[in-house]
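Okay, so here's the structure we're looking at.
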Amino acid sequence: EEKKQEEQAFAIPSVPSVFDGLASVSSSKRSKGQPSPAPLRKAAMDTPVMHLSIEPVAASELKRFEAGVRKIVLQYPGMTVGIEDTAAYTLSGTGELQFEAALTDLRRYDC
């Protein structure tokens, strides 16, 4: 009995699996011998921790700039944009690498 208590004291607690709580895929829709597909769930996005203020070089470029910013927000999940009172656009993202890639693409879109 002492040995059992000692094993329980040093037991590693179970870590919940990534797939816990997901609905299982029905096997009736698969043919025999076909492997079951991996269950999927929506990926959680990190909270933005960096903010960068950007604005177009000239006011005449505003429409093209806005189109480029829309493409960036669609292309990079987790990146959001807000418009300040000063008409500056604030990009919010998760890190420096994400901003570097997004700004490179924004320049590539000629904005």
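Just so we're clear, the structure is a prediction, and the values are computed from it rather than from any experiment.
The nearest pair of heavy atoms linking Y109 to K71 is CE1-CB, 3.7 Å. Among all heavy-atom pairs drawn from V69 and V81, the shortest one is CG1-CG2, 3.7 Å. The minimum heavy-atom distance between E96 and M50, with the atom names listed, is N-SD, 3.4 Å. Contact record, P48 with G78: CG-O, 4.2 Å, taken as the closest heavy-atom pair. Summarising the geometry of L106 relative to G68, their closest heavy-atom pair is CD1-C, 3.6 Å, with the distance given to 0.1 Å. Nearest heavy-atom pair, D105 versus I72, reported as atom, atom and distance to 0.1 Å: CB-CD1, 3.7 Å.
Counting only residues at least two apart or on different chains, the side chain to side chain donor-acceptor pair (under 3.5 Å) pairs with a member in residues 81-91 are E66-Y89, E84-T90.
Put simply, V49 and L103 are part of the same group of oily side chains (I, L, V, M, F, W, Y) that touch within less than 4.5 Å, one to the next.
The backbone N or O of V57 sits nowhere less than 3.5 Å from a side-chain atom of E61 that would complete a donor-acceptor pair.
Applying the side chain to side chain donor-acceptor pair (under 3.5 Å) rule to T80 yields no partners; only residues at least two apart in sequence or on another chain are considered. Partners of T104 by side chain to side chain contact (heavy atoms under 4.5 Å, CB included), not counting sequence neighbours, listed by chain and number: E100, R107, R108. Residues passing the side chain to side chain contact (heavy atoms under 4.5 Å, CB included) test with A59, sequence neighbours excluded: none.
When side chains are defined from C-beta on, L91 does not count as touching H51, because their heavy atoms never get closer than 4.5 Å.
Atom CZ of residue F99 and atom OG of residue S92 lie 6.0 Å apart, to the nearest 0.5 angstrom. Annotation: the span from M79 atom CE to L74 atom CG amounts to 12.5 Å, rounded to 0.5 Å.
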